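Letters A, B, ... mirror the listed sequences (proteins, then strands); counts begin at 1. What you are looking at is a predicted structure, and each value in this text was computed from that prediction instead of being measured.
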There are 2 protein chains.
Amino acid sequence: MPNRKAVQAITLSVVKTACSNCNLHELCLPLGLSHEEVEKLDELVSARRRLKRGEHLYRAGETFGAIYAVRSGFFKTDVLLEDGREQVTGFQMTGELLGLDGISTETHSCNAVALEDSEVCAIPFSHLEGLSREIHTLQHHFHKVMSREIVRDHGVMMLLGTMRAEERLAAFLLNLSQRFTARGYSPAEFYLRMTREEIGSYLGLKLETVSRAFSRFQEEGLIAVQQKHVRILDIGKLKRLMSHHTRD
Amino acid sequence: MPNRKAVQAITLSVVKTACSNCNLHELCLPLGLSHEEVEKLDELVSARRRLKRGEHLYRAGETFGAIYAVRSGFFKTDVLLEDGREQVTGFQMTGELLGLDGISTETHSCNAVALEDSEVCAIPFSHLEGLSREIHTLQHHFHKVMSREIVRDHGVMMLLGTMRAEERLAAFLLNLSQRFTARGYSPAEFYLRMTREEIGSYLGLKLETVSRAFSRFQEEGLIAVQQKHVRILDIGKLKRLMSHHTRD
DNA sequence: GTGCCCCTTTGATCCACGTCAACGTGCCCG
DNA sequence: CGGGCACGTTGACGTGGATCAAAGGGGCAC
């Protein structure tokens, strides 16, 4: 249990919200900034916000004002078509940014939902633009983050456009593995925060197909799955699966 | 035929490359800038580059240094998987930017190919960042352009993930129509610059499926197609096609 | 603890699109 | 102006994944 002093420090940090003593430096916006620069960034992180599982961070159509850095937890973003069809466009974890889609029209173009109890730092966008006029490193890093998002989306387009079901799932698991690794977690063992249906939506598949692909991976000794708990047993085979396509 | 004076002016403009007397203001980067600001922008557009049909503007793996504004012509971008599979990630026309994917790793992550004889303005990226620190409007507009690209990609992901073949083609045609309209061309009649195979790759379909969808649209009186020439006859029906899905 | 509901798994069947194949057509280059 | 070739169309058939259906299992609320 934390003692009184620690509790007070935590409370303070919630009020003050500080990039400077956040352990996500290397993943989040402050990457590459000097100590003084990070302190300036502190000032513009206006507030933290806690969300319960299932709660929306923002919804499509709402006015855009800030981008959000995931401090803890796990999110999904999705787009809705008028006729009710839904597509999950991404899953965001610790240190990743949410809301970049809103800049273009000053209106959010997708929904962001917490998949577990989470916390985000809100960064008012006009402040970020202001500060990035002062701090070149910040400006450049922000541009890189946006660009990375574009590259990531191209990867998903590739996946949706050319890969078969099992390749898609393999790519998905490898991507998660890599991101967990970057955060200091095991590359081979993790809990999925999303349902089979959400995975399916992201991968352009039905939940039954996702489930069957999981089962088959298990049969073939590539992974061990039990519900949301995944253990990768043969990462090499999983990778090879993606280049040994039969289509074409 | 242009007289001598006009020819000289054209030659000059090639050397000097000027946003200030380019008619793409409203589509391209200078959107919303004052006259003086546009003149500053002139200085950073380092050079025009002409490309013949089929020529590469850049290739995946090349070092990133500049983004490009399409001055005239038509481009595609595509990504390649190690095993040879290819996915067209976008088609770019007049006033649109190419190369944003390169910012994240300082290496281009896709190929950009001219689909007809084309001309681009090269904008060295570090200069753009420099100038956008001075000119807020430019900075903000550039952010909007990047964000728009992300939103566009989400739209494609939606298309690839949830739509059936005919819906995809309808969405594609409507998108082209809208972009041609924004450029002062007919919303209902245009030439496709790309092959059926390239359309298919972009839409996650085989060329035969694209061809069949075109034929069926023609049978049903939605469009008139002859090779690369398309005339939209019933834009309303085309739009309705996208929400009246049978899947789900 | 226990009961309910959501999530997941698995099987049987169907169908949209891919695949394979053959034939048309327009355009470019000599 | 004619021959070749890349591009496009169309048909027949196969199949991967969607759909429909039904039966567990696990976690959360009470």
Does atom CD (E197(A)) have a neighbourhood of more than 12 heavy atoms from anything else shown, all under 6.0 Å? no

Is the shortest side-chain N to carboxylate O distance from E55(A) to K52(A) below 4.0 Å? no

Salt bridge flag under 4.0 Å for residues E166(A) and R212(A): no

Full working for side chain to side chain contact (heavy atoms under 4.5 Å, CB included) between F75(B) and L98(B): CA-CA 9 Å; F75(B) 287 81; L98(B) 278 156; 3.7 Å; yes

From the options dC20(C), dC17(C), dG17(D), select the nucleotide whose nearest atom is closest to the side chain of L205(A). dG17(D)

Provide, to the nearest angstrom, the distance between the CZ atom belonging to R193(A) and the C1' atom belonging to dC7(C). 17 Å

Whole-Å gap separating C1' (dG26(D)) and NE2 (H229(A)): 15 Å

Please report, rounded to the nearest Å, how far the P atom of dC17(C) is from the CZ atom of R164(A). 16 Å

Rounded to the Å, how far apart are Q218(A) CD and dT8(C) P? 14 Å

If you compare every side-chain N and O of S215(A) against the phosphate oxygens of dT10(C) (OP1, OP2), does one of them come in below 4.0 Å? yes

Taking atom P of dG16(D) as reference, at what distance in whole Å does atom CG of L203(A) sit? 18 Å

Rounded to the nearest angstrom, tell me the gap between atom CG in L169(A) and atom P in dG16(D). 17 Å

Applying a 4.0 Å non-hydrogen cut-off, can you work out what G200(A) is touching in the nucleic acid: base, sugar-phosphate, or nothing? nothing

Take atom CZ of F214(B) and atom P of dT9(D), then tell me their distance rounded to the nearest Å. 8 Å

Taking the basic N atoms (NZ, or NE/NH1/NH2) and the acidic carboxylate oxygens, is any pair closer than 4.0 Å for R193(B) and E198(B)? no

Any protein N or O atoms within reach of nucleotides 22-24 of chain D? Criterion: under 3.5 Å, listing atom names and distances.
none

Between Y202(A) and F91(A), ring centroids under 6.0 Å: yes

Check I232(B) against L173(B) and note the closest heavy-atom contact, atom names and distance. CD1-O, 4.3 Å

Side-chain heavy atoms of T195(B) within contact of I199(B), under 4.5 Å: no

DNA chain C: R53(B) or E166(B), which has the more 5' nearest nucleotide? E166(B)

Between N or O atoms, less than 3.5 Å apart, protein on one side and nucleotides 4-8 of chain D on the other: list the pairs.
residue, atom, partner, partner atom, Å
dG8(D), OP1, K228(B), NZ, 3.2
dG8(D), OP2, R196(B), N, 2.9

Name the residue closer to the 5' end of DNA chain D, choosing between Q226(A) and G204(A) according to the nucleotide with the nearest heavy atom. G204(A)

Test side chain to side chain contact (heavy atoms under 4.5 Å, CB included) applied to R71(B) and R48(B), step by step: CA-CA 9 Å; R71(B) 170 107 176 100; R48(B) 293 245 189 102; 3.0 Å; yes

Take the protein atom CD of E208(B) and the nucleotide atom C1' of dA12(D), then report the distance between them rounded to whole Å. 13 Å

State whether the distance check finds a donor on one side and an acceptor on the other, under 3.5 Å, for side chain R212(A) versus base dG16(D). no

